[in-house]
Amino acid sequence: MENLKLSGSFQAYELNGFRLHVYNSNDVMADTSFVIEGKDALVVMEYPLFKVNAAEFAAYIEKLGKKIATDITDYHLGGSDKLPIVMPEGMPSFIEGPIYGGMMKGFAQQFGDTMVALPTQKATEVPFGSTQQYAGVDFRFERGASSDFPGASIIIGGQVFYSHWAYYTAHMSPLQLGSAAAVDAELDATKFALNSGCKYFIGGHGGLVEKPAVEARVKYLETIKKLMAENADAMSFAKALKAAFPTMPGDIDPLAQALYKK
């Protein structure tokens, strides 16, 4: 792999009892995949969706030289057709439903042969509020933001907090924050993450951040609530949000339109 130009990038982090490997795919959706390396085995999470990324991910895993205990699919169904798959409760039926199923059909039409063949094996569902152990590491499955159901928040080894979207510092996507109710749901979920005691915070979009980014997200969501109460339309809200966070990257207008849609 050292002599190949990678489409994505890998980083590894040493933690107490395991190692966390983060694969930033650099694909069009900013998807991120993970490997949790225990003493004798590996857990993969959010397997890549595109062939070029899946090949890089598989080659990296092979270099680690350990068996794969399981593949956790929290929200991103990828190309792990030969692995045992674990999902939070409700996700298998959600994947078959019109929202997720329609999204995947849309991706197939848009991206065609660049996508992997999706897995067909039956997933094991994990109940919320339970702790499972894979590769000698504890995985605590908690409910994620209610607006993102049935995606889970997963606490890994008591040190890493996984959510569908990482708490990176940028204006949030209307796909994540599409209503006033979603603002409250995300704020509750972010405060839960902040109080988890974890060192690192990861997500299927956006990679890895640390505690200050989670604290910044709480402030951001609280500001959005305040500005929505003070502004009657999307245009004035967008202007006020830009003034509140003048250097923050991201597109404000689609978010404002989503929050104010009738």
Side-chain angles (χ1 to χ4, degrees), residues 8-25 30-48 57-58 60-61 64-78 80 83-91 123-145 148-168 186 188-215 217:
S9 61
F10 293 90
Q11 291 84 36
Y13 301 84
E14 294 288 345
L15 290 133
N16 184 21
F18 64 97
R19 181 181 296 167
L20 171 68
H21 303 263
V22 179
Y23 174 60
N24 293 291
S25 69
D31 285 348
T32 310
S33 303
F34 307 95
V35 180
I36 292 83
E37 181 182 359
K39 181 179 178 182
D40 301 311
L42 310 172
V43 174
V44 297
M45 292 182 62
E46 306 295 72
Y47 213 95
F57 195 58
Y60 185 87
I61 288 169
L64 295 177
K66 297 177 181 178
K67 66 180 181 181
I68 297 175
T70 196
D71 168 24
I72 299 175
T73 295
D74 184 75
Y75 213 94
H76 293 167
L77 194 62
S80 54
L83 298 175
I85 293 183
V86 165
M87 295 183 185
E89 63 177 292
M91 184 55 71
T124 299
E125 291 189 64
V126 176
F128 291 114
S130 70
T131 299
Q132 311 293 323
Q133 190 175 90
Y134 311 114
V137 180
D138 286 343
F139 291 76
R140 177 77 179 175
F141 286 73
E142 299 285 1
R143 291 183 181 273
D148 207 15
F149 182 82
S153 295
I154 305 172
I155 299 174
I156 305 167
Q159 302 163 77
V160 179
F161 191 99
Y162 169 89
S163 55
H164 178 195
W165 303 75
Y167 298 108
Y168 49 87
E186 288 292 340
D188 287 345
T190 306
K191 289 179 177 178
F192 179 77
L194 188 60
N195 292 325
S196 68
C198 288
K199 179 178 181 179
Y200 294 129
F201 301 83
I202 60 176
H205 301 287
L208 178 147
V209 298
E210 298 187 41
K211 187 176 180 180
V214 189
E215 294 171 334
R217 175 61 62 84

Under 3.5 Å donor-acceptor, [X] side chain and [Y] backbone:
X	Y	value
K66	G38	yes
S33	E46	yes
E89	F128	yes
R140	G129	yes
S25	D31	yes
S153	E142	no
E125	G90	yes

I need the minimum non-hydrogen distance between [X] and [Y], along with the two atoms involved.
X	Y	value
G204	H76	O-CE1, 3.4 Å
F139	I154	CD2-CG2, 4.0 Å
P150	P88	O-CG, 3.7 Å
A152	F141	CB-CD2, 4.4 Å
L42	A135	N-CB, 4.1 Å
M91	G151	CE-N, 3.9 Å

Name the orientation class of the two ring planes belonging to [X] and [Y] (parallel below 30°, tilted from 30 to 60°, perpendicular beyond 60°).
X	Y	value
F161	Y167	tilted
Y60	F10	parallel
H164	H205	tilted
F57	Y47	perpendicular

Is any side-chain heavy atom of [X] less than 4.5 Å from a side-chain heavy atom of [Y]?
X	Y	value
V160	Y13	no
V43	V86	no
L15	Y200	yes
T70	L83	no

If you measure from [atom1] on [X] to [atom2] on [Y], what distance do you get to the nearest 0.5 Å?
X	Y	atom1	atom2	result
Q11	N24	CD	CG	5.5 Å
E37	E14	CD	CD	8.0 Å
I156	I202	CD1	CD1	4.0 Å
F201	I155	CZ	CD1	9.0 Å
Y162	D74	OH	CG	4.5 Å
Q132	T124	CD	OG1	9.5 Å

ask   = Would the number of heavy atoms belonging to other residues, nucleotides or ligands and lying under 6.0 Å from NZ of K199 be above 12?
value =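 Counting other residues, nucleotides and ligands, NZ of K199 stays at 12 neighbours or fewer.
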message = Take a 6.0 Å sphere around CG of N16 and say whether it holds more than 12 heavy atoms from other residues, nucleotides or ligands.
response =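 Incorrect, the count does not exceed 12.
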